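Ligands are counted one by one from 1 in listed order, and the atoms in each one are counted from 1 as well. These numbers come from the heavy atoms of this one structure, side chains and all, not from hydrogens, waters or symmetry mates. Just so it is clear, the model here is predicted, and its values are computed rather than measured.
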Amino acid sequence: MGHLLAPSMLASDFANLQRDMEMINASEADWFHLDVMDGVFVPNISFGMPVIEAMAKHATKPLDVHLMIVDPDRYLKTFADLGARVLTVHLEACNHLHRTLSAIRDLGMLAGVAVNPHTPVEGLSDVLNDLDLVCLMSVNPGFGGQKFIPKTFDKTRKLRNMMNEAGSNAHIEIDGGVGLNNWKSLVDAGADVLVAGSSTFKAADPHAAIREMKGLG
Ligand code: DX5
Ligand code: ZN
């Protein structure tokens, strides 16, 4: 199976969320990537539960929720009830990551772990069979439109090897600064989910940008 494309709604027009979601529904993109920020784990605040509840009514594709919040255990069930298909927590925000991942799976969601650019992928070695997705942050989380950190290529290759050795076929998602110039190299390195915020919504022709990043262009 080919790779998945997950446009980040952070780069959409918040005053036209329904319009922008319908554009994604009608496109070749696969998931909605929803970035939840608390102003504590990251230096920005995005949107939370009431907005996601409204968004969920319009989405015909899975919701991939990326929690950039401290102590995410408080809200796992809330996001399950809101309809999240993938729920991703940050390694740096979890004291008991194994427990958190088990709880996410028990709630019927795919369990994701995101790691900041400074966090070595080796820190995931003992939970590779307990997760369904690793989100490699290729920018420091908190904002859209930042520059891609090239070290991510090494991390992607290393993590894919680690997963192969562990017998895991979990997704590797790349988040931040992904666009027309690097999506192919990331897929070649072993990534299979690409988050694309600015490169989708700021494109002159978002449908064409999506097709191109899906390798259909
Ligand atoms: C950053 C978020 C990303 C962001 C990506 O904290 O996790 O999902 O929306 O935006 P772009 O694709 O514009 O770098
Ligand atoms: Zn994200």
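The shortest N or O to N or O distance between Val195 and ligand 1 is not below 3.5 Å. Polar contact with ligand 1: present for Gly145 (N/O pair, distance under 3.5 Å). Checking only distances, Ala196 never comes within under 3.5 Å of ligand 1, N or O to N or O.
Evaluation of the side-chain contact (heavy atoms from CB on, under 4.5 Å) rule for Ala196 yields Leu5, Ser199, Thr200, Met213 as partners, not counting sequence neighbours.
Atom CD of Glu53 sits in a sparse spot, with 12 or fewer heavy atoms from other residues, nucleotides or ligands closer than 6.0 Å. For Tyr75, the OH atom sits in a loose shell: 12 or fewer heavy atoms of surrounding residues, nucleotides or ligands are nearer than 6.0 Å. The local environment of NZ in Lys214 is crowded, with over 12 non-hydrogen atoms from other residues, nucleotides or ligands closer than 6.0 Å. More than 12 heavy atoms of other shown residues, nucleotides or ligands fall within 6.0 angstrom of atom CG in Asn181. The number of heavy-atom neighbours closer than 6.0 Å to CZ of Arg99, taken from other residues, nucleotides and ligands shown, is 12 or below. Counted within 6.0 Å of CG on Asp106, heavy atoms from surrounding residues, nucleotides or ligands total more than 12; the atom is thus considered enclosed.
Distance from atom 12 (O) of ligand 1 to its nearest protein heavy atom, with residue and atom name: Gly197 N, 2.8 Å. Considering only non-hydrogen protein atoms, atom 2 (C) of ligand 1 sits nearest to Asp35 OD1, 3.4 Å. At the shortest separation from atom 14 (O) of ligand 1 among protein heavy atoms lies Gly177 N, 2.8 Å. Summary of contacts: the protein heavy atom closest to atom 13 (O) of ligand 1 is Ser198 OG, 2.5 Å. In this structure, atom 6 (O) of ligand 1 lies nearest to the protein heavy atom Gly142 N, 2.7 Å.
The distance from ligand 1 to the heavy atoms of Phe143 drops below 4.0 Å at these ligand atoms: 1 (C), 6 (O). For ligand 1, the atoms sitting less than 4.0 Å from at least one non-hydrogen atom of Met68 are 6 (O), 7 (O), numbered in the order shown with element in parentheses. Close approach to His66 involves these atoms of ligand 1, each under 4.0 Å from a residue heavy atom: 7 (O). Within ligand 1, the atoms closer than 4.0 Å to a non-hydrogen atom of Pro141 are 6 (O), numbered from 1 in the order shown. Contact atoms of ligand 1 toward Met137: 7 (O) (distance under 4.0 Å to a heavy atom of the residue). Applying the 4.0 Å criterion to heavy atoms of His33 picks out, from ligand 1, the atoms 8 (O). Ligand-side atoms of ligand 1 in range of Leu10: 9 (O), range being under 4.0 angstrom from any heavy atom.
The structure places CG of Leu110 at 8.5 Å from CZ of Arg105, a figure rounded to the nearest 0.5 Å.
Taking a 4.0 Å cut-off on heavy atoms, Lys202 fails to register as neighbouring ligand 1.
Under a hydrophobic clustering in which Ile, Leu, Val, Met, Phe, Trp and Tyr are joined whenever their side-chain heavy atoms come within less than 4.5 Å, directly or via other members, Met23 and Leu34 fall into the same cluster. Connection of Ile45 to Val89 is not established within any shared hydrophobic cluster, with ILVMFWY side chains joined at heavy-atom distances below 4.5 Å, either directly or through further cluster members.
Heavy-atom proximity to atom 10 (O) of ligand 1, evaluated over Gly176, Gly144, Gly179, is greatest for Gly144. The nearest non-hydrogen atom to atom 8 (O) of ligand 1, considering only Val36, Asp175, Thr88, comes from Asp175.
At a 4.0 Å heavy-atom cut-off, ligand 1 touches Ser8 through the side chain alone.
Minimum heavy-atom separation, Ala209 to Ala203: CB-CB, 3.8 Å.
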Verdict with supporting geometry, Asp132 and Arg85, salt bridge (Lys or Arg N to Asp or Glu O under 4.0 Å): CA-CA 11 Å; Asp132 305 294; Arg85 177 78 188 103; over 6 Å; no
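In this structure a side-chain-to-backbone donor-acceptor pair under 3.5 Å is present from Lys61 to Ile24.
Ring planes of His66 and His90: parallel class, angle under 30° (limits at 30 and 60°).
Counting heavy atoms from C-beta outward, Met109 and Val65 have side chains that stay 4.5 Å or more apart.
Protein N, O or S atom count below 2.8 Å of the Zn ion (ligand 2): the structure gives 4.
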